[in-house]
Amino acid sequence: MTLQIYNTPYKKKHPFNPLNGNNVGMYVCGVTVYDMCHIGHARSLIVFDVIARFLRRKGYKLTYVRNFTDVDDKIIARANSLGKPYNEISERYIDEFITDMDILKVRPADIEPKATEHISQIIEMVRMLEDKGLAYAADDGSVYFSVSGFRGYGKLSGRRIEDMIAGTRFDVEEAKHDPLDFAIWKRSKEGEPSWDSPWSKGRPGWHIECSAMSTHYLGHTLDIHGGGRDLIFPHHENETAQSEGAFGSEFVRYWIHNGFVTIGGDKMSKSLGNFLTIRDLTKEVHPEVLRLLLLSRHYRSPIDFSKEAVSSSQQALVRFYEMLDRIRKSPLKDGDSVLAGIMTAFDEHLDEAMCDDFNTAKAIAHLHDLTTRVNKVLDDNPCVSPEDKTSVSKSVADISDILGILEEDPSPFLEMIKRSGISEMGLTQTEIEKLIDQRNAARKARDFTKADEIRDTLKSRGIVLKDTPEGTSWEKG
RNA sequence: GGCGGCAUAGCCAAGUGGUAAGGCGACGGUCUGCAAAACCGUUAUUCACCGGUUCAAAUCCGGUUGCCGCCUCCA
């Protein structure tokens with residue numbers, strides 16, 4: 001199956017053809033490390049994690065680069081407000097980021113460069129742009145990129161220069177020749193972090209670091225460049241202008257942008273105060289539930305975050321794990337495989353879905369379908385062959401490898417889910433089990449009135465019972 | 001003001017020219033002492049609205065309405 005990727009500037013899916021055979025270079029804009037990451041960040045990180053995982057599965061030799069912006073106005077502002085050096089802030093939040101990625105099972109990128117460790121590449125690029133007449137040093141020692149000198153500005157975001165000028169809403173800094181020009185080197189004020197440069201003691205502009213680091217590690221043309229939708233303009237537009245301006249070659253072959261996480265339909269943001277951090281959320285919600293939730297919509301669509309969405313994803317995940325648990329516990333028998341056909345079809349469907357612009361929503365639908373089919377087979381005949389167990393674990397390993405879910409051992413996972421939160425219901429496990437014993441004694445004595453009474457009592461406190469041939473089990477309702 | 005995106009059942013959601021995936025919920029059934037779980041069946045003659053193109057449109061084009069985003073830092 002050929003991989004098709006939706007390319008932002010063309011607004012269409014195209015077959016994926018890397019520049020250098022099997023080698024693929026992918027650069028994704030990471031985070032600015034001045035605060036804890038929220039689930040909007042989580043979505044982007046998880047989406048590109050899955051894309052990286054899938055590209056590798058397809059046999060591409062991937063070099064995945066994801067940066068840290070570790071010097072910037074927000075970091076400086078944060079540091080000043082706390083009276084700390086800026087790098088104490090950036091280092092702390094890099095550590096927090098790594099912890100979050102660990103929790104979310106987002107695999108590390110191959111290279112995770114920091115802007116502050118690539119100042120020389122940045123300065124070199126600014127110099128190249130200046131030499132080519134695409135940048136100019138202003139009197140104050142800052143250097144600006146000259147948008148009017150670069151043909152093709154606006155091609156990524158689909159904007160025309162004239163429209164943008166008409167729409168300028170903000171006061172233009174006096175040092176700029178043109179309102180659209182943007183700083184690629186900013187002179188630092190007293191007390192701000194700075195590096196020596198031919199122009200001033202200063203620091204990189206926002207966009208230049210990504211141009212410098214991506215091309216430094218992946219060459220002048222990247223196969224894939226990704227990030228959140230909000231980065232299309234101006235960040236990626238400006239990156240393109242700088243990189244193509246400096247090197248004279250195509251900067252990016254495939255632009256991939258993920259949609260937002262919204263809350264009540266609005267974009268999550270600091271100013272609206274409606275953001276949820278990964279750390280807080282994963283205290284309550286299993287990381288796989290969060291992954292499943294964030295992957296259950298196509299990566300380009302917005303996804304609205306809510307308690308209901310979380311519980312529905314948890315319900316789905318539990319359904320998958322229960323099916324796996326059944327398989328694991330089902331007795332062995334000799335004879336033909338009864339699941340081989342189902343699993344083969346699933347493997348094909350999974351590949352097909354992922355090849356269609358990383359359609360994880362469709363992949364998950366196939367997983368639901370698989371669950372129904374397997375449950376049906378087990379309903380008809382609870383015994384499976386050793387071969388069946390193997391083929392199921394192989395397909396599950398594929399799912400885990402691509403989506404990063406179903407990596408837990410089913411029984412302990414299900415136990416953990418059903419235990420979580422029972423103390424808030426004012427119950428202990430011992431109490432529940434004691435009541436179950438009483439009920440089963442009543443059932444044995446055929447005192448169903450009493451048995452049902454006990455069951456109803458538990459139900460009213462949020463515990464649902466399940467009678468099976470192996471005994472009575474319970475879970476949160 | 002400029003630019004862009006989205007609108008699919010009660011809810012979530014896939015589907016970009018060939019006659020509406022999947023999940024949740026609801027209802028009916030099998031199973032069960034009764035339930036729960038699982039499975040089976042039913043649940044959109046129709047894809048915001050109005051026109052157009054086509055043998056054929058949720059899918060393409062034009063218009064209308066509504067929601068969202070970007071244009072300032074943003075995943």
Side-chain angles (χ1 to χ4, degrees), chain A residues 6 8 11-13 28-32 34 37-48 69 72-74 77 154 157-160 162-171 180 206 226-235 237 257-262 265-271 275 293 296-304 306 308-309 311-313 315-316 318-319 322-323 326 349 353 356 359-380 443 446-449 451-452 455-456 459 463-469 472-475 477:
Chain A
Y6 181 94
T8 303
K11 302 188 170 110
K12 274 196 181 91
K13 292 179 202 170
V28 175
C29 289
V31 293
T32 300
Y34 74 106
C37 287
H38 55 62
I39 57 173
H41 297 111
R43 183 182 196 190
S44 180
L45 271 333
I46 288 171
V47 161
F48 287 101
T69 297
D72 134 292
D73 291 352
K74 286 195 298 289
S157 53
R159 289 157 202 254
R160 293 182 307 159
E162 311 84 80
D163 293 340
M164 286 187 271
I165 293 166
T168 304
R169 298 189 312 193
F170 296 89
D171 295 339
L180 297 179
W206 173 37
R229 283 198 79 82
D230 49 352
L231 296 179
I232 296 173
F233 191 88
H235 186 53
E237 191 67 61
H257 292 100
N258 67 274
F260 293 129
V261 176
T262 61
D266 295 321
K267 181 181 171 180
M268 203 179 290
S269 74
K270 302 260 156 165
S271 50
F275 63 96
L293 169 61
S296 62
R297 272 208 86 160
H298 186 90
Y299 75 85
R300 276 186 278 114
S301 309
I303 184 164
D304 200 52
S306 64
E308 294 69 34
S311 70
S312 126
S313 289
Q315 202 176 137
V318 165
R319 180 168 187 258
E322 277 179 339
M323 178 271 287
R326 282 185 81 181
H349 287 146
D356 182 14
N359 196 332
T360 53
K362 206 191 257 176
I364 290 164
H366 288 307
L367 184 57
H368 272 291
D369 194 54
L370 171 79
T371 303
T372 303
R373 286 166 191 275
V374 170
N375 275 328
K376 183 176 163 59
V377 168
L378 295 178
D379 272 4
D380 293 345
R443 289 173 72 208
R446 306 197 65 80
D447 182 356
F448 295 121
T449 315
D452 290 352
R455 186 175 59 197
D456 291 345
K459 191 176 179 185
I463 302 294
V464 177
L465 301 185
K466 202 193 274 194
D467 297 324
T468 72
T472 301
S473 67
W474 60 271
E475 59 192 48

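Chain letters run A, B, ... following the sequence lines, proteins first, then strands; residues in each count from 1. Predicted, not measured: the structure shown is a model, and the values here were computed from it. Values reported hereafter were calculated over all heavy atoms of this structure, with side chains retained and with hydrogens, waters and symmetry mates removed.
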Evaluation steps, side-chain hydrogen bond (donor to acceptor under 3.5 Å, both in side chains), between Arg319(A) and Thr372(A): CA-CA 10 Å; Arg319(A) 180 168 187 258; Thr372(A) 303; 2.8 Å; yes
Any side-chain N or O of [X] under 4.0 Å from OP1/OP2 of [N]?
X: Lys267(A); N: rC70(B); result: yes
X: Arg297(A); N: rA14(B); result: yes
X: Asn258(A); N: rA75(B); result: no

Could you tell me which nucleotide pairs with [N] by Watson-Crick or G-U wobble geometry, both distances under 3.5 Å, or answer none if nothing does?
N: rC49(B); result: rG63(B)
N: rU54(B); result: none
N: rG10(B); result: rC24(B)
N: rU32(B); result: none
N: rC3(B); result: rG69(B)

Tabulate protein N/O versus nucleotide N/O from nucleotides 18-29 of chain B, keeping only pairs under 3.5 Å, one per line.
unit_1  : atom_1 : unit_2    : atom_2 : d
rC24(B) : O3'    : Gln315(A) : OE1    : 2.9

For the residue pair His349(A) and His366(A), does the interplanar ring angle fall in the parallel (under 30°), tilted (30 to 60°) or perpendicular (over 60°) class? parallel
Using a heavy-atom cut-off of 4.0 Å across all strands, would you classify Lys11(A) as base, sugar-phosphate, or nothing? sugar-phosphate
Please work out if Met323(A) contacts a base, only the sugar-phosphate, or nothing of the nucleic acid, heavy-atom cut-off 4.0 Å.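 Nothing, no nucleic acid heavy atom in range.
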The side chain of [X] is closest to which nucleotide in this list: [options]?
X: Pro234(A); options: rA75(B), rA38(B), rC71(B); result: rC71(B)
X: Lys466(A); options: rA36(B), rA14(B), rA75(B); result: rA36(B)
X: Arg159(A); options: rA75(B), rC39(B), rC71(B); result: rC71(B)
X: Asp266(A); options: rA75(B), rG69(B), rG15(B); result: rG69(B)
X: His41(A); options: rA75(B), rU16(B), rA14(B); result: rA75(B)

Would you call Lys11(A) and Tyr6(A) a side-chain contact if the rule is heavy atoms closer than 4.5 Å? yes
Taking the side chain as every heavy atom from C-beta outward, state whether His298(A) and Asn359(A) have any pair of such atoms under 4.5 Å apart. yes
Under-3.5 Å N/O pairs linking protein and nucleotides 31-33 of chain B:
unit_1  : atom_1 : unit_2    : atom_2 : d
rG33(B) : O6     : Arg439(A) : NH2    : 3.3
rG33(B) : O6     : Arg443(A) : NE     : 3.1
rG33(B) : N1     : Asp452(A) : OD1    : 3.0
rG33(B) : N2     : Asp452(A) : OD1    : 3.2
rG33(B) : N2     : Asp452(A) : OD2    : 2.6

Quantified in whole Å, what is the P atom distance between nucleotide rU42(B) and nucleotide rA20(B)? 15 Å
Counting only heavy atoms not in Arg373(A), do more than 12 sit closer than 6.0 Å to its CZ atom? no
If I take atom CD1 in residue Ile463(A) and atom P in nucleotide rA37(B), what distance separates them, rounded to the nearest angstrom?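 Ile463(A) atom CD1 is separated from rA37(B) atom P by 15 Å.
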